[in-house]
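To start, the structure itself, in structure tokens.
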Amino acid sequence: DARVTQTPRDKVTEMGQEVTMRCQPILGHNTVFWYRQTMMQGLELLAYFRNRAPLDDSGMPKDRFSAEMPDATLATLKIQPSEPRDSAVYFCASGLYRGGNTEAFFGQGTRLTVV
Amino acid sequence: AQSVTQLDSQVPVFEEAPVELRCNYSSSVSVYLFWYVQYPNQGLQLLLKYLSGSTLVKGINGFEAEFNKSQTSFHLRKPSVHISDTAEYFCAVSGLSGGYNKLIFGAGTRLAVHP
């Protein structure tokens, strides 16, 4: 049963610390999305990649957030330094882009709490 | 650019009653439309999708949705709900935006099914 795997599931960290969230997309998928979910803002698209290249990261605060795909089996989202307002659930989703649409399959999310 | 509006933030309904969750979108280009469901502490799961063809789309768990291009709507329906349908439902649109293919979500509708 193919699925998107995110680690860790939960992370509590102190303000100012670096946080790294990892995502293993479904094998064969060529698109990876990062979303942030909060009560106030809902699901916000932070960044997305196709064939490991970043296509759009306009939703991501550039001063502290960075997203990369070092290889086809790993996507990372880093926050440095973290702040309490970064507390949220971060979702990774992967999909196969074809013919103009991408159906996204979601991981279970990483619940980040910055204290 | 495209956007999605879910007209109801919460929908309470009694078990075995019908339900409709409303979704309107705006886009200057052809779109693909999706409904996802999120159970507590879970990621999002695809319910159904409209890519092309028949405007009435059937999905999992007895849900269906109708694409109405003239009204730019994609409302989700179920003729008889169960307690287990209690969850948050997200409408999403995918289409060319800025030359790329973003997947944008609405704010979500919380469906609460009461006995």
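Note on naming: letters A, B, ... go to the chains in the order of the sequence lines (proteins, then strands), and numbering restarts at 1 for each one. Computed from heavy atoms alone, side chains included, the values below leave out hydrogens, waters and symmetry copies.
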**Fill in**
To the nearest 0.5 Å, atom OG1 of Thr109(B) lies from atom CZ of Phe90(B) at 8.5 Å
**Request:** Establish, yes or no, whether the cationic atom of Lys78(B) lies under 6.0 Å from the six-membered ring centre of Phe63(B) and within 45° of the ring axis.
**Result:** yes
**Asked** Are the side chain of Gln80(A) and the backbone of Glu18(A) linked by a donor-acceptor contact shorter than 3.5 Å?
**Response** yes
**Prompt:** Looking only at heavy atoms, which two atoms of Gln71(B) and Asn68(B) are closest? And how far apart?
**Reply:** N-OD1, 3.0 Å
**Single hit among Leu44(B), Leu46(B), Leu21(B) for side-chain contact (heavy atoms from CB on, under 4.5 Å) with Trp35(B)** = Leu21(B)
**Request:** Give, as side chain, backbone, both or neither, the part of Leu103(B) having an atom under 4.5 angstrom from any heavy atom of chain A.
**Result:** both
**Prompt:** So which residues of residues 67-76 of chain A are in contact with chain B at a heavy-atom cut-off of under 4.5 Å?
**Reply:** none
**Test item: His75(B) side-chain N/O and Cys23(B) main-chain N/O as donor-acceptor pair under 3.5 Å** = yes
**Asked** Taking atom CZ of Arg9(A) and atom CG of Asn41(B), what is their separation to the nearest 0.5 Å?
**Response** 7.5 Å
**Message:** I need the contact set between residues 19-39 of chain A and chain B: heavy-atom distance under 4.5 Å, sorted by residue number.
**Reply:** Phe33(A), Tyr35(A), Gln37(A)
**Asked** Is there a side chain to side chain contact (heavy atoms under 4.5 Å, CB included) between Phe65(A) and Asp86(A) once you walk through the steps?
**Response** CA-CA 10 Å; Phe65(A) 284 60; Asp86(A) 300 327; 3.6 Å; yes
**Message:** Taking the side chain as everything from C-beta on, heavy atoms only, tell me whether Tyr90(A) gets closer than 4.5 Å to Leu46(A).
**Reply:** yes
**Item:** Spacing of CG belonging to Leu43(A) relative to CD belonging to Gln38(B), to within rounding of 0.5 Å
**Value:** 6.5 Å
